[in-house]
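One structure is given below, encoded as structure tokens.
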Amino acid sequence: MKTHARVVVIGGGVVGCSVLYHLAREGWTDAVLLERSELTSGSTWHAAGGCHTINGDPNVAKLQKYTISLYKEIEELSGQATGFHMTGGLMLASTPERFDWLKALSAKGRYQDIQTEVISVEEAHALMPLLDPACFVGAVRTFVDGHLDPSGVTHAYARSARKLGAAVETHTRVTDIKRLPDGGWQVITDHGTIQAEHVVNAGGLWAREVGRMVGLELPVLAMEHMYLLTEDMPEVAEINRTTGKEVAHAVDFDGELYLRQERGGMLMGTYERACVPWSPLDTPWDFGHELLQPDIDRIAPSLEIGFEHFPAFQNAGIKQIINGPFTFAPDGNPLVGPVRGLPGFWSACAVMAGFSQGGGVGLALANWMIHGDPGFDVWAMDIARYGDWASLAYTNGKVQENYSRRFSIKFPNEELPACRPYKTTPIYDRLLAAGAQMGDGWGLEVPLWFAPEGVRDVFSWHRSTDFEHVAAEVAAVRGSVGLSDISGFGKFRVTGPRARAWLDGILACRIPAPGRMTLAPMLKEDGKLIGDLSLACLTEDEYFLAGSGMAEVYYMRWWEQHLPPDGSVRVEAIGLGLVGLAIAGPNARKVLAKLTHEDISAEAFRFMAIRKLDVGFAPCLVGRVSFTGDLGYEIWMKPEYQRHVFDRLMAAGEEYGIRLFGLRAMNALRLEKNFGGWAREYRPLYGPLEAGLDRFVAYEKPADFIGKAAALKERASGGTLRLRTFVIEARDADVIGDEPIWLDGAVVGWVTSGGYAHNSGVSMAMGYVPKEHADADSGWEIELLGARLPARLQRAPIWDANAERMRG
Ligand SMILES: Cc1cc2nc3c(=O)[nH]c(=O)nc-3n(C[C@H](O)[C@H](O)[C@H](O)COP(=O)(O)OP(=O)(O)OC[C@H]3O[C@@H](n4cnc5c(N)ncnc54)[C@H](O)[C@@H]3O)c2cc1C
């Protein structure tokens with residue numbers, strides 16, 4: 001075995017082998033994969049081998065499409081068959097709600113060039129004669145889905161990687177990993193030690209244990225999973241004979257089942273509600289090529305539906321039931337990327353659909369390691385979406401919820417209950433008492449809207465019970481004053497003698513003078529957006545940044561990678577060490593003025609100013625800014641003051657009819673100002689010009705900020721996309737994101753977010769379209785629940801286009 005390598009990949013499952021292959025393909029051949037047993041000895045060997053392109057997140061769907069396209073390539077290079085059968089597939093709906101959901105999913109795929117077709121039950125029956133048409137209402141057909149040989153694929157990746165010069169060592173178990181003083185890693189195995197610049201954790205079922213070797217508690221949990229294999233079935237032989245094809249792959253969502261042909265019989269698997277975690281605390285090292293005891297009672301309710309929906313199974317003999325474990329992150333998406341605080345340590349784990357996603361994960365990770373960037377938008381599977389708060393117990397609860405809901409509909413207004421409440425702000429009880437309907441903001445309870453006694457969300461694709469109440473919250477803000485808990489923002493403090501110079505190089509904006517704030521786009525080297533923050537200068541060497549709460553670890557990882565080694569700059573994530581309240585509306589100033597002795601007149605406390613101010617008794621940091629686009633203040637304070645400040649603001653606002661508002665009202669308010677948000681309008685896919693943030697980019701500033709050259713190029717070329725806002729002729733439902741945008745009968749773009757702008761009384765959407773079409777005066781349509789609705793471009797904000805209210 002080598003003693004030195006540029007990269008050590010731990011784990012010879014489908015994911016580790018894919019990572020090794022992609023590294024070698026990109027030229028990093030000084031890479032060695034270590035596998036404690038034979039290749040495939042984790043969850044890989046007993047997988048059902050199904051693969052699909054469709055995913056709820058369109059960017060993950062894109063990587064799945066890439067994965068499937070790889071199989072030919074690795075088969076040719078390695079000479080190892082992958083056993084890939086492209087049977088095509090059907091996603092079946094038993095209820096109209098499910099059919100709506102499938103139509104929306106299929107529409108999402110449209111702009112990603114993922115071919116799907118909405119078909120009738122009769123058409124579905126013709127394609128998949130095993131189904132009983134009486135049990136379904138319709139289907140979506142997919143074309144590049146199929147199944148493969150899990151072992152063949154894994155060996156094809158490994159052999160291809162070897163051919164390109166990478167090494168694979170089997171029967172070599174990593175027992176410990178140590179950080180070297182020079183920044184590299186020492187990987188200790190039962191066959192010696194290897195020094196490496198980079199280590200990839202692709203430990204699959206043991207990813208958690210491998211993480212613990214470097215002090216990480218990864219949010220990963222294995223679940224038991226069962227599928228059955230039938231004896232040969234005459235009905236299958238008949239389909240093969242008459243069509244000359246294999247039986248199409250099928251997902252029966254309402255039965256919570258998937259099925260495909262396996263030799264002359266069928267395979268049927270289920271994500272049962274009564275799911276069971278496997279080895280929730282520690283994964284045994286002696287678990288190998290073995291299976292778990294099947295528990296037929298647990299899957300019986302699903303099988304009963306399956307046998308009813310696919311009657312031929314009733315006469316089929318069951319040959320075997322496979323029960324094997326595989327891993328999940330709390331949201332079911334992989335955990336990929338560099339690990340914060342551990343330079344050169346990479347994660348490629350929690351890949352629950354290795355045969356759909358393994359290729360994309362390998363490509364993204366190899367790009368990231370070699371070129372410093374994944375090369376795609378991998379936000380949905382970036383390990384940085386979780387922080388320390390995603391503990392073992394939290395992961396356990398959320399993974400079970402996710403597993404048991406794998407085939408369930410998630411309505412746009414639905415909030416999932418597991419592991420809640422978890423993080424709360426000090427005014428949580430006050431908000432609940434006021435009727436707050438809470439949402440889950442990455443572990444934090446955040447108010448979505450405030451309901452009168454006896455009213456709550458009814459989950460729906462259409463406007464629901466919250467509509468009129470959110471409208472009233474919006475009216476309170478625009479008409480007088482509203483108050484909201486904004487503690488969920490990510491908050492950061494940057495200090496030190498070189499803080500200003502450092503920020504000047506990290507952020508694309510001009511760094512404000514003391515007492516001033518600015519919007520601060522943050523770019524990566526290729527000029528794409530990796531942050532949308534607000535930056536406040538408190539003193540020359542103290543700065544306050546606020547941005548999306550879910551990006552806290554993501555931002556910190558980036559900043560820590562770029563901090564000067566001499567300690568002249570310090571960055572700190574404040575988390576809930578600072579909580580916030582926002583007041584907004586034309587009477588906001590009058591409310592605040594009642595609680596402070598200082599002059600906060602329009603002249604003394606201007607728009608985008610920030611200052612320390614006592615509010616009531618409490619020392620606060622107050623910025624004159626509001627995401628509502630109205631006259632407003634963001635008030636930051638230590639948690640122990642929040643109840644006091646809340647009570648005082650509510651009392652001071654009483655004479656103005658102050659009203660609490662939640663995130664849904666905030667959405668309605670920001671939409672009519674054309675304000676975008678992180679992970680929707682602003683993502684690593686878009687440049688600042690494309691996203692309309694170029695006015696905050698200081699192209700001419702002397703500092704050579706990250707992404708400057710690329711941003712200048714984008715400005716010169718005009719980029720390729722434009723963010724646009726639309727008003728849609730919607731009737732009883734509004735867009736949520738990812739719907740296709742049509743122009744003159746062709747799909748040209750996609751919606752990033754939207755909703756009903758109550759104050760303006762219109763349904764709105766924001767989304768990206770190619771720049772050459774971006775100013776078309778007519779011909780726009782937005783697809784919503786299977787219908788193409790006329791839309792018009794809303795160039796200037798529909799409300800307060802000159803920002804007089806916000807600046808007044
Ligand atoms: C019953 C069942 C059906 C499934 N069906 C499908 C399906 O139809 N389609 C699909 O896409 N996915 C399916 N899956 C999921 C799929 O199996 C996983 O997504 C995939 O196997 C994950 O691969 P991996 O490489 O991440 O992990 P693993 O396969 O667990 O591989 C990890 C490897 O790392 C090695 N390792 C761990 N620690 C060390 C160490 N310290 N030193 C050296 N080596 C180490 C292990 O021995 C193992 O070989 C199914 C899973 C099950 C259980």
Side-chain angles (χ1 to χ4, degrees), residues 8-20 32-52 55 64 67-68 145-151 153-154 157-158 168-177 187-191 199-213 220 222-229 249 251 258-260 262 267 269-271 278 283-289 291-292 294 299 320-328 332 334-336 347-362 403:
V8 167
V9 178
I10 303 171
V14 64
V15 174
C17 291
S18 166
V19 170
L20 189 74
V32 53
L33 181 148
L34 304 179
E35 166 54 50
R36 72 189 175 106
S37 177
E38 296 290 344
L39 296 182
T40 77
S41 294
S43 53
T44 295
W45 75 274
H46 50 241
C51 46
H52 328 267
N55 184 287
Q64 295 189 178
T67 301
I68 293 176
D145 298 18
H147 61 91
L148 43 73
D149 166 21
S151 169
V153 165
T154 309
Y157 276 129
V168 174
E169 300 283 349
T170 55
H171 298 283
T172 305
R173 184 180 137 196
V174 174
T175 53
D176 205 358
I177 306 168
V187 181
I188 300 154
T189 79
D190 51 4
H191 285 80
V199 173
V200 178
N201 177 2
L205 288 179
W206 294 266
R208 210 175 29 177
E209 283 66 24
V210 171
R212 285 174 187 160
M213 292 177 193
V220 177
M223 298 294 293
E224 293 193 12
H225 181 67
M226 281 179 269
Y227 61 82
L228 63 80
L229 296 164
H249 187 284
V251 179
Y258 59 89
L259 51 161
R260 69 164 174 86
E262 171 69 18
L267 177 156
T270 175
Y271 283 83
W278 178 71
T283 315
W285 286 107
D286 58 358
F287 185 79
H289 266 247
L291 291 169
L292 308 173
I299 57 172
Q320 196 182 2
I321 297 180
I322 305 283
N323 184 8
F326 67 127
T327 53
F328 294 78
L335 297 171
V336 180
S347 171
C349 43
V351 184
M352 62 76 55
F355 301 96
S356 301
Q357 300 173 341
V361 166
Y403 182 100

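Whatever order the structure lists ligands and atoms in, that order sets their numbers, starting from 1. The first residue in the sequence is number 1, and the count goes up from there. Computed from a prediction, not measured in an experiment: that's the story for all the values here.
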For [X] and [Y], indicate whether the former's side chain and the latter's backbone hold a donor-acceptor pair under 3.5 Å.
X	Y	value
Ser18	Val14	no
Arg260	Gly49	no
Thr170	Glu35	no
Asp176	Ile188	no
Thr172	Leu34	no

Can you tell which part of [X] has a heavy atom less than 4.0 Å from ligand 1: side chain, backbone, both or neither?
X	result
Ala202	backbone
Trp285	side chain
Phe355	both
Ile10	side chain
Trp45	neither
His46	both

Pairing residues for Glu209 by the salt bridge (Lys or Arg N to Asp or Glu O under 4.0 Å) criterion, not counting sequence neighbours:
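Partners of Glu209 under the salt bridge (Lys or Arg N to Asp or Glu O under 4.0 Å) test: Arg212.
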Protein residue, atom and distance nearest to [atom], heavy-atom basis:
atom	answer
atom 42 (N) of ligand 1	Val174 N, 3.0 Å
atom 9 (N) of ligand 1	Gly50 O, 2.8 Å
atom 24 (P) of ligand 1	Val15 CG2, 3.7 Å

Check ligand 1 against Leu34 and write out every atom of the ligand that is under 4.0 Å from a heavy-atom position of the residue.
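Within the 4.0 Å cut-off of Leu34, ligand 1 contributes 43 (C), 44 (N).
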Which atoms of ligand 1 sit under 4.0 Å from any heavy atom of Ser356?
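Within the 4.0 Å cut-off of Ser356, ligand 1 contributes 11 (O).
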Among the heavy atoms of Cys51, does any lie under 4.0 Å from an atom of ligand 1?
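Flag not set, Cys51 not near ligand 1.
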Tell me whether ligand 1 is touched by Asn323 - counting only heavy atoms on the residue side and a distance under 4.0 Å.
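For ligand 1, residue contact (heavy atoms, under 4.0 Å) with Asn323 is absent.
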Between Phe287 and His46, is the gap from one ring center to the other below 6.0 Å?
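That pair fails the under 6.0 Å test.
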Is the charged tip of Arg173 near the ring of Trp285: under 6.0 Å from the six-membered ring centre and within 45° of its axis?
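Judged by the rule (NZ or CZ under 6.0 Å from the ring centre, within 45° of its axis), Arg173 counts as positioned above Trp285.
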May I ask which of Gly203, Ala348, Ala207, Gly269 has a heavy atom nearer to atom 32 (C) of ligand 1 than the others do?
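Shortest heavy-atom distance from atom 32 (C) of ligand 1: Gly203.
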